[in-house]
Colleague: 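What follows is a single structure, and I will ask about it in a moment.
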Amino acid sequence: FPWLLATGFSLTFSALFTKTYRINQIMKSAATFKRVKVTPRDVIKPMLMLLMLNTIVLTVWTVIDPLHRETVSVDKDTFFRDIETYGICSSDHAGIFLTILCIINLGSLLFALVQAYMARKISTDLQESSYIFLAMTLILLVSFIGIPVVALAQDNAAASYFVTAGLVFVV
């Protein structure tokens, strides 16, 4: 689950970020009457950097403290046999690694929001930064609301699953 969420976020988010970054570079050089050539290699660097950082953290997490399945008993009968159970994946130091991943991804999201805000008044046919800004703001707000709700709903499997699925869908 963390692998899919982090790599999916990196790929989706970097597509939004690189377009805004490219437009900002072109318009900044045009304001100073300089000619600039923004190559696809220049645009792909932020995506590869974000993907590499996420991959390094996830690889270290998988090697040091891999996820393992735990079965949680919800209800027992009079003979203390499990009536209702559910399974979760957990690791001993998941909080540390999730915090590092959140810092990396939310930090890059904030940087991209700044880029989109700087490009908000550029009037060209290629300029969609206001829509990109709205999409990234939605991702940020859903993350700030959804992550604490997931943490609070850990004891209720159905609520935790519902909120996690919603987060994955939106983010």
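Note that these values count all heavy atoms, side chains included, but never hydrogens, waters or copies made by symmetry. Heads up: numbering here begins at 1 and tracks the sequence.
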Colleague: Using a 6.0 Å cut-off, check whether atom OH of Tyr86 has over 12 heavy atoms from anything other than its own residue.
Modeller: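 Yes, the 6.0 Å shell around OH holds more than 12 heavy atoms from other groups.
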Colleague: Checking Asn54 side chain against Leu51 main chain: does a donor-acceptor pair fall under 3.5 Å?
Modeller: no
Colleague: Asp82 and Thr85: which non-hydrogen atoms are nearest, and at how many Å?
Modeller: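 Looking at all heavy atoms of both residues, the closest pair is CB-CG2, 3.6 Å.
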Colleague: According to a hydrophobic-cluster definition based on side-chain heavy atoms being under 4.5 Å apart (Ile, Leu, Val, Met, Phe, Trp, Tyr only), do Leu48 and Leu53 belong together?
Modeller: no
Colleague: Using atom types as modelled and distance alone, determine if a side-chain donor or acceptor of Asn105 lies under 3.5 Å from a backbone N or O of Leu101.
Modeller: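 A pair under 3.5 Å: yes.
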Colleague: For side chain to side chain contact (heavy atoms under 4.5 Å, CB included), just list the numbers for Thr71 and Arg69, CA-CA rounded to whole Å, side-chain angles, deciding distance to a tenth of an Å, and then say yes or no.
Modeller: CA-CA 7 Å; Thr71 303; Arg69 179 177 160 75; 4.1 Å; yes
Colleague: Distance-only, no hydrogens or angles: does the Trp61 side chain make a donor-acceptor pair with backbone N or O of Asp65 under 3.5 Å?
Modeller: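 Looks like yes, one N/O pair under 3.5 Å.
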Colleague: Compare all side-chain heavy atoms of Ile104 with those of Leu50 and state whether any distance is below 4.5 angstrom.
Modeller: yes
Colleague: Mind checking the NE2-OG1 spacing from His93 to Thr99? Nearest 0.5 Å is all I need.
Modeller: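 Result: 13.0 Å between the selected atoms.
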Colleague: Heavy atoms, side chains only, cut-off 4.5 Å: are Met47 and Leu11 in contact?
Modeller: yes
Colleague: Ignoring hydrogens, what is the shortest heavy-atom contact between Gly146 and Val163? Give both atom names and the distance.
Modeller: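 Looking at all heavy atoms of both residues, the shortest contact is O-CG1, 3.9 Å.
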Colleague: Within this structure, what is the CG-CD1 distance for the pair Leu106 and Ile147, rounded to the nearest 0.5 Å?
Modeller: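 Those atoms lie 5.5 Å apart.
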Colleague: In sequence, state the C-alpha distance, the side-chain angles, and the governing distance for Thr39 and Asp42, and then conclude on side-chain hydrogen bond (donor to acceptor under 3.5 Å, both in side chains).
Modeller: CA-CA 5 Å; Thr39 63; Asp42 295 333; 3.2 Å; yes
Colleague: State, to 0.1 Å, how close Thr59 and Trp3 come at their nearest heavy-atom pair, and which atoms those are.
Modeller: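 Closest pair (atom of Thr59, atom of Trp3, distance): OG1-CH2, 3.5 Å.
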Colleague: To the nearest 0.5 Å, tell me how far Ser14 OG sits from Met49 CE.
Modeller: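 Rounded to the nearest 0.5 Å, the OG-CE separation comes out at 13.0 Å.
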Colleague: What's the shortest heavy-atom distance between His68 and Ser91, and which atoms?
Modeller: CE1-CA, 3.8 Å
Colleague: Does the pair Leu113 and Leu110 meet the rule for a side chain to side chain contact (heavy atoms under 4.5 Å, CB included), with working shown?
Modeller: CA-CA 5 Å; Leu113 281 171; Leu110 289 173; 4.2 Å; yes
Colleague: Would a single hydrophobic cluster contain both Val142 and Phe162, if residues Ile, Leu, Val, Met, Phe, Trp and Tyr are joined by side-chain heavy-atom contacts under 4.5 Å?
Modeller: yes
Colleague: Return yes if some donor-acceptor pair links the side-chain N/O of Asp77 with the main-chain N/O of Phe79 below 3.5 Å, else return no.
Modeller: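 Present.
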Colleague: Taking side chain as C-beta onward, heavy atoms only, is Ile100 less than 4.5 Å from Ile103?
Modeller: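 Ile100 does not reach Ile103 side chain to side chain.
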Colleague: What about Val60 and Val57, same hydrophobic cluster or not, with Ile/Leu/Val/Met/Phe/Trp/Tyr joined at side-chain heavy-atom distances under 4.5 Å?
Modeller: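 Yes, it is one cluster - the side chains of Val60 and Val57 are joined through contacts under 4.5 Å.
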Colleague: State the CZ-CG distance between Phe9 and Leu109, to the nearest 0.5 angstrom.
Modeller: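 Between Phe9 CZ and Leu109 CG, I get 5.0 Å after rounding to 0.5 Å.
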Colleague: Do Leu141 and Val150 sit in the same hydrophobic cluster, where Ile, Leu, Val, Met, Phe, Trp and Tyr count as joined when their side-chain heavy atoms come under 4.5 Å apart?
Modeller: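 Each belongs to a different hydrophobic cluster.
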Colleague: In Å, rounded to the nearest 0.5 Å, how long is the span from CZ of Phe80 to OG of Ser73?
Modeller: 11.5 Å
Colleague: What distance separates Phe97 CZ from Asp92 CG, expressed to the nearest 0.5 Å?
Modeller: 10.5 Å
Colleague: For a 4.5 angstrom cut-off between non-hydrogen side-chain atoms, does Thr18 reach Ile44?
Modeller: no
